[in-house]
Peer 1: 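Input: one structure, supplied below.
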Amino acid sequence: MKASTPESRPGVRALVLLAILLACHGLQGQGAAVAANPQAVLTSAAQAHSLSIKEASRHYPVHLHAVVTYFDRFTDTRQTALFIHDATGSIYVAVPPGSVPPLQPGTTIDLWGVTAMGNFAPILEKPHILVTGRSGLPAVAPRVTLPELLTGGEDGQYVEVEGIIHAVDENEHTATLHLAMRDGPISVTTIREPGANYEALVDATVELRANAAPLFNGNGQLIGGRLVLPGLSAVRVVKPAPQNLFEQPAIAIDSLS
């Protein structure tokens, strides 16, 4: 009969394996800890947003230091819409109605929550939010085109666009700016600010920064796009609207393209 060595005994093998794992953890640091532990806390918006739908549905814990770029408790009665942004990007947070007091864009927060699959892309849910101060809106936003917005690749991100505001629709709580970009139209929704004159923007050429919010059907398929605007502070008038359209020089109709 062959004598067993210590390495061949099940209990000893388990201890050896455990020692190897601990040694690897010590050598590789935090990266190994995240890889070995699917419940490791995600600490950036990009980490959470880049998950696959399957992975996002595992409800990984998240802790972010971020700034609020949009807060809307009126458009959807099922949840308050919240977009937040950190140094790595932006992500949507589904907030139960009435669970969080109104958050002004530019407010900095600590957020604890979990990932979820969302209706189109990964989101965060079950948030616990602590207000930490105010930093203002992000100083930098990438310029994007309408085709880029309509691919869904900019889902949730804080972006910059340029165009001419052709019309404005207002209701009790929100205002929608109809923006004609160089490559097509898109709607831009914002929470109404007391005393703001949105009609004064009609026919003005503007640059604005907002979160991309894809429109999707019941199957989670992209069917369009829109933007959600923090407020008028995120709008820069490049060329004011003409004061009197009838004083503008005539343009031959056959010269229009």
Side-chain angles (χ1 to χ4, degrees), residues 49 68-85 89-95 102-106 118-121 123 137-138 141-242:
H49 193 269
V68 174
T69 52
Y70 188 73
F71 184 89
D72 182 353
R73 55 194 174 93
F74 303 112
T75 303
D76 190 338
T77 58
R78 298 167 299 174
Q79 60 188 10
T80 293
L82 170 64
F83 284 90
I84 61 174
H85 181 87
S90 306
I91 194 166
Y92 176 85
V93 185
V95 180
L103 296 170
Q104 292 298 317
N119 292 313
F120 176 73
I123 64 171
L137 294 168
R143 176 72 68 93
V144 297
T145 64
L146 183 63
E148 288 173 323
L149 291 172
L150 296 181
T151 64
E154 298 295 334
D155 168 73
Q157 301 309 300
Y158 193 67
V159 298
E160 181 180 89
V161 298
E162 180 177 344
I164 300 173
I165 296 177
H166 278 185
V168 174
D169 293 327
E170 298 183 54
N171 60 33
E172 183 180 0
H173 299 297
T174 62
T176 298
L177 314 177
H178 298 280
L179 185 72
M181 298 176 63
R182 181 180 297 273
D183 31 26
I186 194 167
S187 63
V188 185
T189 298
T190 187
I191 302 300
R192 283 188 61 186
E193 300 173 33
N197 182 5
Y198 297 98
E199 289 291 336
L201 291 173
V202 174
D203 293 326
T205 301
V206 301
E207 290 177 344
L208 59 84
R209 293 177 175 180
N211 288 96
L215 300 173
F216 44 83
N217 61 21
N219 296 321
Q221 298 168 320
L222 185 71
I223 58 173
R226 65 185 178 114
L227 297 168
V228 289
L229 180 74
L232 288 179
S233 63
V235 179
R236 185 177 78 86
V237 176
V238 176
K239 182 180 180 181

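Quick note: numbers below take in every heavy atom, side chains included, and nothing from hydrogens, waters or symmetry partners. What you see is a predicted model, and the numbers here were worked out from it, not measured in a lab.
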Peer 1: How far does CG of L177 sit from CD1 of I186, to the nearest 0.5 angstrom?
Peer 2: 11.5 Å
Peer 1: Measuring only between side-chain heavy atoms, which start at C-beta, is R226 closer than 4.5 Å to L215?
Peer 2: yes
Peer 1: Just verifying a value: how many Å separate I165 CD1 and L201 CG, rounded to the nearest 0.5 Å?
Peer 2: 4.5 Å
Peer 1: With side chains defined as the heavy atoms from C-beta onward, is the minimum distance between S90 and F83 less than 4.5 Å?
Peer 2: no
Peer 1: Give the ring-plane orientation class for H173 versus F74, where under 30° counts as parallel, over 60° as perpendicular and anything between as tilted.
Peer 2: parallel
Peer 1: How long is the span from the CD1 atom in I123 to the NE2 atom in H49, to the nearest 0.5 Å?
Peer 2: 10.0 Å
Peer 1: If you compare all heavy atoms of P105 against all heavy atoms of L137, which two are closest, and at what distance to 0.1 Å?
Peer 2: CB-CD2, 3.9 Å
Peer 1: Can you name the closest pair of heavy atoms from G225 and L150 and give their distance?
Peer 2: N-CD2, 3.6 Å
Peer 1: Going by side-chain contact (heavy atoms from CB on, under 4.5 Å), V206 matches just one of V188, L179, V238, I164. Which one?
Peer 2: L179
Peer 1: Looking at CD of E162 and CG of L208, how far apart are the two atoms once the value is rounded to the nearest 0.5 Å?
Peer 2: 9.5 Å
Peer 1: Please step through side-chain contact (heavy atoms from CB on, under 4.5 Å) for the pair V68 and Q104, ending with a clear verdict.
Peer 2: CA-CA 7 Å; V68 174; Q104 292 298 317; over 6 Å; no
Peer 1: Give me the atom names and distance for the closest heavy-atom approach of H166 to V202.
Peer 2: O-CG1, 3.6 Å
Peer 1: Roughly how far, to the nearest 0.5 Å, is OH of Y158 from OH of Y70?
Peer 2: 13.0 Å
Peer 1: Any side-chain heavy-atom pair from V228 and D72 closer than 4.5 angstrom?
Peer 2: no
Peer 1: Give a yes or no on whether the backbone of E193 and the side-chain of Y198 come within a donor-acceptor separation of less than 3.5 Å.
Peer 2: yes
Peer 1: Quick check: closest heavy atoms across P138 and R209, and the distance to 0.1 Å?
Peer 2: O-NH1, 3.6 Å
Peer 1: So which atom in E148 and which in E154 form the shortest heavy-atom distance, rounded to 0.1 Å?
Peer 2: O-CG, 4.1 Å
Peer 1: Would you say L232 and T190 make side-chain contact, with heavy atoms under 4.5 Å?
Peer 2: no
Peer 1: Quick one: CD1 on I191 to CZ on F71, what's the gap to the nearest 0.5 Å?
Peer 2: 9.0 Å
Peer 1: Between T189, V159, N211, which is the residue that forms a side-chain contact (heavy atoms from CB on, under 4.5 Å) with L227?
Peer 2: V159
Peer 1: Are the side chains of P102 and R73 in contact, using a 4.5 Å heavy-atom criterion?
Peer 2: yes
Peer 1: Indicate yes or no: at least one non-hydrogen side-chain atom of I84 is less than 4.5 angstrom from one of V93.
Peer 2: yes
Peer 1: For V144 versus M181, what's the shortest heavy-atom pair and its separation?
Peer 2: O-CE, 3.8 Å
